[in-house]
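Below is one structure; the comments refer to it alone.
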Number of protein chains: 2
Amino acid sequence: MQTIEQVLESKDIRVTAMRLLIYKFLAEKEVAVTLSDIEHAFVKADRTTLYRTIKTFEEKDIVHQIDDGTGITKYALCENGCNCEIETDLHLHFHCNNCNETICLTEHKIPQIKVPEGFVSENVNLVVKGICDKCSGQ
Amino acid sequence: MQTIEQVLESKDIRVTAMRLLIYKFLAEKEVAVTLSDIEHAFVKADRTTLYRTIKTFEEKDIVHQIDDGTGITKYALCENGCNCEIETDLHLHFHCNNCNETICLTEHKIPQIKVPEGFVSENVNLVVKGICDKCSGQ
DNA sequence: CAATAATTGCACTTCCATTGCAAGTATTAG
DNA sequence: CTAATACTTGCAATGGAAGTGCAATTATTG
Ligand SMILES: [Mn+2]
Ligand SMILES: [Mn+2]
Ligand SMILES: [Zn+2]
Ligand SMILES: [Zn+2]
């Protein structure tokens, strides 16, 4: 088990207080977060810093971006050993129409999608919408 | 074969010059269009009118919205007999990373996606990204 | 300790989406 | 046919998210 410091260093990112805090915040959340969520969690920090921190994380494949169709970009920590660099987002994402939260279903891989002759598939974004386990009351 | 006038009337939309023109524009395009595309095609009309026309079409299930991950909403005419109201976007969408165009693959239905216990799937958004038939040169 | 490099904060910008309100146009009732 | 009413269109303004230039601060290195 690596410490957060070790994770950052292994990706050639300097360890700063801000980065540790944001990493912890993401790790504690079991759902994908928006920049605005992070802003509300760290009101003292500047928006730009938060923005650039998450962008750094994204570049270095510490987080991946999720477009769940709400129009607002969300982010979630990559799984240990996730290969975002090679094939983006192999797992599917679930967006709850009730609580409006989006979560990674890391265990659920995206099935092979057939495309017509002449088309070349490079990657796939798949978002399932519906009611999440918490909201469905089971 | 219905005329455009008949299509609009059947959906309780008043026939206006603007609406006929925009409908025709969408019908002639084989790709999904942005509001900005429509704006460029109708420079004399006000942006708001174009916006509200497309929103009216969307409400009445004449067009469907496509979120292809570019951050800009696109629209495309619904197929004849499409059931947007009931289950949104059964077909998949393809976004070309080369020409930046998005098309409906109406023949390609989205496969059944399994979700974990407790989750209820209501609809699915699936966008495949890659190279389209025109750009792949076949 | 000084030089250098990276990070952070502030201010500003751009782009798309959306709304209030007034003016114009079509529809309906008398 | 005319007046009242409903709907459509245009203008102006707003809001929200994303992104950038630059200076100040902080950390790293020699
Ligand atoms: Mn994910
Ligand atoms: Mn479509
Ligand atoms: Zn929920
Ligand atoms: Zn193409």
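Convention: sequence-line order gives letters A, B, ...; per-chain numbering from 1.
Both B:L50 and A:K55 lie close to DNA chain D; mapped to their nearest nucleotides by heavy-atom distance, the more 5′-ward contact belongs to B:L50. Residue-to-nucleotide proximity on DNA chain C shows that, of A:A17 and B:G71, the 5′-proximal contact is made by A:A17.
Going from atom CE of B:M18 over to atom P of C:dA26 covers 14 Å, rounded to whole Å. In this structure, CG of B:L20 is placed 17 Å from P of C:dT25, rounded to the nearest angstrom. Following rounding to the nearest Å, B:I66 (CD1) and C:dC16 (P) show an atom-to-atom distance of 17 Å. Spacing between atom CD1 of A:I13 and atom P of C:dT7 amounts to 9 Å, rounded to whole angstrom units. Rounded to whole Å, atom P of D:dG15 lies 16 Å from atom CD of A:E39. At whole-Å resolution of the value, OH in B:Y51 and P in D:dT14 are 18 Å apart. Residue B:E58 contributes atom CD, which lies 11 Å from atom P of C:dA17 at whole-angstrom precision. Rounded to whole Å, atom P of D:dG21 lies 16 Å from atom CG of A:D46.
In the hydrophobic cluster analysis, where Ile, Leu, Val, Met, Phe, Trp and Tyr join through side-chain heavy atoms closer than 4.5 angstrom, B:L35 is grouped together with B:I62.
Between the side chains of A:S136 and A:D133, no donor N or O sits under 3.5 Å from an acceptor N or O. With 3.5 Å as the limit, one finds a donor-acceptor pair spanning the side chains of B:T102 and B:K74. Of the N and O atoms on the side chains of A:H93 and A:H108, not one donor lies less than 3.5 Å from an acceptor on the other residue.
Closest contact between the side chain of A:T49 and the listed nucleotides D:dT9, C:dG9, D:dG19 involves C:dG9. For B:R47, the listed nucleotide lying nearest its side chain is C:dT18; candidates were C:dT18, C:dT27, D:dA18. Closest to the side chain of B:R19, out of D:dT8, D:dA17, C:dC16, is D:dT8. With distances taken from any side-chain atom of B:T48 to the nucleotides C:dC16, D:dG10, D:dG21, the minimum falls on D:dG10.
Remark: B:T73 is in phosphate contact with C:dA17, judged by side-chain N or O atoms under 4.0 Å from OP1 or OP2. Taking 4.0 angstrom as the limit, A:T16 places a side-chain polar atom (N or O) nearer than this to OP1 or OP2 of C:dT8.
The base of D:dG19 has none of its N or O atoms less than 3.5 Å from a complementary donor or acceptor on the side chain of A:R52.
Annotation: A:Y75 is not in aromatic contact with A:F57 [ring centroid separation under 6.0 Å not met].
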